[in-house]
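Below is one structure, written out as structure tokens; comments come after it.
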Number of protein chains: 2
Amino acid sequence: MTGKRSPARRPTMKDIARRAGVSESAVSFALNGRPGVSEVTRDRVRRVAEQLGWRPSTAARALSGEGAATVGFVLARPAGTLGVDSFFLQLVSGIQEVLAERHLGLLFQIAEDIDDECAVYRRWWAEHRVDGVLVVDPRTDDPRPGLLDELGLPAVVIGGAPDERHPGLSTVWADDAGAMAAVVDGLYALGHRRIAHIAGLPGLAHTERRIRTLRAEAERRGLSEVQSVPTDYSDEAGAAVTRRVLHGPAAPTALIYDNDVMAVAGVAAATELGFTVPADVSVVAWEDSALCRLVKPWLSALSRDSVEFGRTAARELTALLDGGPARTVRVPVPGLIERDSTGVARAV
Amino acid sequence: MTGKRSPARRPTMKDIARRAGVSESAVSFALNGRPGVSEVTRDRVRRVAEQLGWRPSTAARALSGEGAATVGFVLARPAGTLGVDSFFLQLVSGIQEVLAERHLGLLFQIAEDIDDECAVYRRWWAEHRVDGVLVVDPRTDDPRPGLLDELGLPAVVIGGAPDERHPGLSTVWADDAGAMAAVVDGLYALGHRRIAHIAGLPGLAHTERRIRTLRAEAERRGLSEVQSVPTDYSDEAGAAVTRRVLHGPAAPTALIYDNDVMAVAGVAAATELGFTVPADVSVVAWEDSALCRLVKPWLSALSRDSVEFGRTAARELTALLDGGPARTVRVPVPGLIERDSTGVARAV
DNA sequence: CGAGATCGCTAATGCGCTTTAGTCTGGCTG
DNA sequence: CAGCCAGACTAAAGCGCATTAGCGATCTCG
């Protein structure tokens, strides 16, 4: 009879205690660096632990009040728009890097929508699963900060503007208002006066922020033919909106897309309509990726270091878990990489 | 003095017991559907639990032998090639769907390389963090199945051919040998006799399988000018290899790319060299995605349902966790979606 | 009608760890 | 030399849950 699984019992502190000839408490003291044991004993215990390949059971640790050594990350996006941009994997990659150093786990979950996401937080909290969470895609009028405050779950909001109503949360964000201003500056300098902004999901804080900033920048320069059109980030939407705005006599001469996928789809759509990029219309993608250099012409894009963004967020969260104060930190404004899709505006 | 965080204590079974006027054990019996309490009491307890918003502490559960209610997923790929294809997020999305139903958490980690990945498994096991794991990117001569067997950690290998040496592991895979045969069939029928296969990472089981199958198919038809070139999946490699194989007098008339990104990069490279797709050279991408319809010409691609793939894998793992036997299940062979990048071979 | 089975429930134990409250020894002080 | 105290360590309790043993009360059947 072969057993179901080879047992391979994991060593516990009791095993260490026995082998080292001390009590379990001594082992605990020794391994956690607290006073109560002599240095000699501490060393011996450490050696035995290492030799046995001992690692603390997170379950037991969590149960005795130490926290779960895990942070949570929920992604609430329509299933269709999931794999399209590379931003999230890069972000997660950066997050991981920092968490791994401290042996913190990352509990990952995909949710249907924001209510579902809130339910996940509640469950995680009740189940004692996570010590803190990373929140992405902050919205205008977002229910999550309030909930997390209420639950007392440490959290850092990624990509949101600081929210003074929830001083318990940290925020890590890039000033896309500044980036938008820079883009408009550049386009204006090239002679563009009619600009369309194919925006992302309405309701997302940064979408609204970009739209607001664009409007403000336009007003500041007396441009009246500037518009923002929200989408769902999909390539279909990008193409459809492109066709729509390009239709008619006073078509924009510059298009700003809120992600790379839409930009690529938009270029294809524009080309089909007989527009040449950048001769007839300039294109800027808000998010750089391999994609931007996979198509012709190469896309000018706003580039940021998403991995570093993730690292920063994770660092803020660990600081919070260590009992530090909530902070608001700004990561560098995305920079415009000028490639082949932007040029001097066609003479009207 | 405002406390650091609002306490918001989570309810425990003791609270329920008190409110329902029964013992803790009765509560446990009631809530877990085991015999030992009357239906009346069970209902009452359930109601109280719900009203209190009680959820079992996974820590406590895990400690009392029930497992951690979590499965692990490690991604070991070079950081650069991380966000490029949409396969993983879709896979994870499918996995989630199944896990969420059973309230299983997904612990996600990115590793440097396969040794690092093994270390992660060891740690997870020792820390009692996961009940099972999902393994991707199986390799020829893979150390992971052996390790997982040794640790007694239930696991399902995603995308690997069945491995009779480790009967404890389940396997979920698509028969890409069959798919490759179908692709070659199609290309052959279109008159293609010289085919280049821009393959993925060498050492990955499915890369080797595809290469082997292609060779076999070529031999079967007496084609001598068929080659496979392994790459690192990056767009740069895709472009570089494309330029290389297209150079010279007997250039292939058909190119098979092991992912969508390389295919797109390859088309761009070929176009630069003066080749027209599909007039001069046909292109097939092994992995369909939005990307394939973002470029001109639209790419013919092998399409599979990655989300369903993930679902299937997760289902197998949960079956394993329930004590079921290890199984090998095949998901449907990817189907060739013929779009605009494949055509009749140019007359030689 | 009494012995055993069954039901509905409670008390107690253990999972692996942290932490508090001791215990004991040796050295130091007055 | 009694009295104290610091240092090194142990004993025990508790975290939230599952589980086993146990205990009356009711039921069943010979």
Side-chain angles (χ1 to χ4, degrees), chain A residues 7-46 48-49 52-70 103 123-129 131, chain B residues 7-46 48-49 52-70 103 123-129 131:
Chain A
R9 214 173 59 78
R10 32 205 142 216
T12 73
M13 289 195 358
K14 191 184 287 183
D15 299 320
I16 301 179
R18 198 170 325 128
R19 302 256 300 228
V22 292
S23 72
E24 282 187 64
S25 348
V27 173
S28 178
F29 293 148
L31 261 17
N32 292 319
R34 21 210 85 186
V37 286
S38 64
E39 279 310 308
V40 192
T41 311
R42 193 184 296 277
D43 272 4
R44 184 156 39 94
V45 168
R46 279 208 182 116
V48 174
L52 255 44
W54 178 86
R55 293 248 67 213
S57 149
T58 45
R61 269 239 160 100
L63 199 51
S64 41
E66 289 294 272
T70 306
H103 288 197
R123 193 150 52 72
W124 279 352
W125 172 81
E127 291 179 352
H128 213 117
R129 262 180 182 283
D131 302 330
Chain B
R9 213 174 59 79
R10 31 204 143 215
T12 74
M13 290 197 354
K14 192 184 286 183
D15 300 320
I16 302 178
R18 198 171 321 128
R19 302 257 299 229
V22 292
S23 72
E24 280 189 66
S25 350
V27 173
S28 178
F29 293 149
L31 259 19
N32 293 318
R34 16 213 86 188
V37 286
S38 65
E39 280 311 308
V40 192
T41 310
R42 192 184 297 277
D43 272 5
R44 184 155 40 94
V45 169
R46 281 209 181 114
V48 174
L52 254 45
W54 177 86
R55 293 249 69 212
S57 149
T58 46
R61 269 237 159 98
L63 199 53
S64 41
E66 291 293 275
T70 306
H103 289 197
R123 193 151 52 72
W124 278 352
W125 173 81
E127 291 179 353
H128 214 117
R129 262 178 182 283
D131 301 330

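These numbers were taken from a predicted model, which means no experiment stands behind them. Values below: all heavy atoms of this structure, side chains included; hydrogens, waters and symmetry mates excluded. Lettering of chains follows the sequences in order, A, B, ..., and the numbering in each one begins at 1.
When each of C/dG16, D/dT10, C/dC9 is scored by its nearest atom to the side-chain atoms of A/A60, the top-ranked nucleotide is C/dG16. For A/N32, the listed nucleotide lying nearest its side chain is C/dT18; candidates were C/dT18, D/dC9, D/dT20. Of all nucleotides listed (D/dC9, C/dT10, C/dG16), C/dT10 comes nearest to the side chain of B/S23. Candidate nucleotides D/dT19, D/dG16, C/dC17 were compared by shortest atom distance to the side chain of B/F29, and D/dT19 ranks first. Distance from the side chain of B/A26 is smallest to C/dT10 among C/dT18, C/dC15, C/dT10. Among D/dG16, D/dT19, D/dA18, the nucleotide with an atom closest to any side-chain atom of B/M13 is D/dA18.
Atom pair A/L63:CG and D/dA13:C1' shows a separation of 13 Å (rounding to whole Å applied). Rounded to an integer number of Å, the gap from A/E127 CD to D/dG16 C1' is 13 Å. Between B/K14 atom NZ and D/dG14 atom P the separation is 8 Å, expressed in whole Å. Spacing between atom CD of B/E66 and atom C1' of C/dG16 amounts to 16 Å, rounded to whole angstrom units. Rounding to whole angstrom units, CZ of residue A/R44 and P of D/dA8 are separated by 13 Å. A straight line from CG of B/D15 to P of D/dC15 spans 11 Å, rounded to a whole angstrom. Rounded to an integer number of Å, the gap from B/H128 NE2 to C/dC15 C1' is 9 Å. Note: CZ (B/R34) to C1' (C/dC9) measures 16 Å, nearest angstrom.
OP1 and OP2 of D/dT19 both lie 4.0 Å or more from every side-chain N or O belonging to B/S64. Contact annotation: A/R61 reaches the phosphate of C/dT18 (side-chain N/O to OP1 or OP2, under 4.0 Å). Contact annotation: B/W54 side-chain N/O to D/dC17 OP1/OP2 distance is under 4.0 Å. At least one side-chain nitrogen or oxygen of B/S38 sits closer than 4.0 Å to the OP1 or OP2 atom of C/dC9. For D/dC17, neither phosphate oxygen OP1 nor OP2 lies less than 4.0 angstrom from any side-chain nitrogen or oxygen of B/S28.
Using a 4.0 Å heavy-atom distance criterion, B/G36 is classed as a base contact. Residue-level contact check: B/V27 touches neither bases nor backbone, having no heavy atom under 4.0 Å from any strand. Residue A/R42 is classed as having no contact, given no heavy-atom separation below 4.0 Å to the nucleic acid.
In this structure, A/V48 and A/A20 approach most closely via the heavy-atom pair CG2-CB, 4.2 Å. Annotation for B/G53 and A/A126: closest pair O-CB, 4.5 Å, computed over non-hydrogen atoms.
Comparing B/G65 and B/E39 by the nucleotide of DNA chain C whose heavy atom lies nearest to each, the residue mapping closer to the 5' end is B/E39.
Side-chain contact annotation: B/S57 with B/R10, donor-acceptor N/O pair under 3.5 Å absent.
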Exercise. Tell me, with the steps shown, if A/T12 and A/D15 meet side chain to side chain contact (heavy atoms under 4.5 Å, CB included).
Key: CA-CA 5 Å; A/T12 73; A/D15 299 320; 3.6 Å; yes
Practice problem: I would like to know whether B/V37 and B/V45 meet side chain to side chain contact (heavy atoms under 4.5 Å, CB included); could you show each step before the answer? | Solution: CA-CA 10 Å; B/V37 286; B/V45 169; over 6 Å; no
Exercise. Begin from the C-alpha positions of B/L31 and B/I16 and carry the test side chain to side chain contact (heavy atoms under 4.5 Å, CB included) through to its verdict.
Key: CA-CA 11 Å; B/L31 259 19; B/I16 302 178; 4.1 Å; yes
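One donor-acceptor pair, N or O on each side, does fall under 3.5 Å between the base of D/dA11 and the side chain of A/S25.
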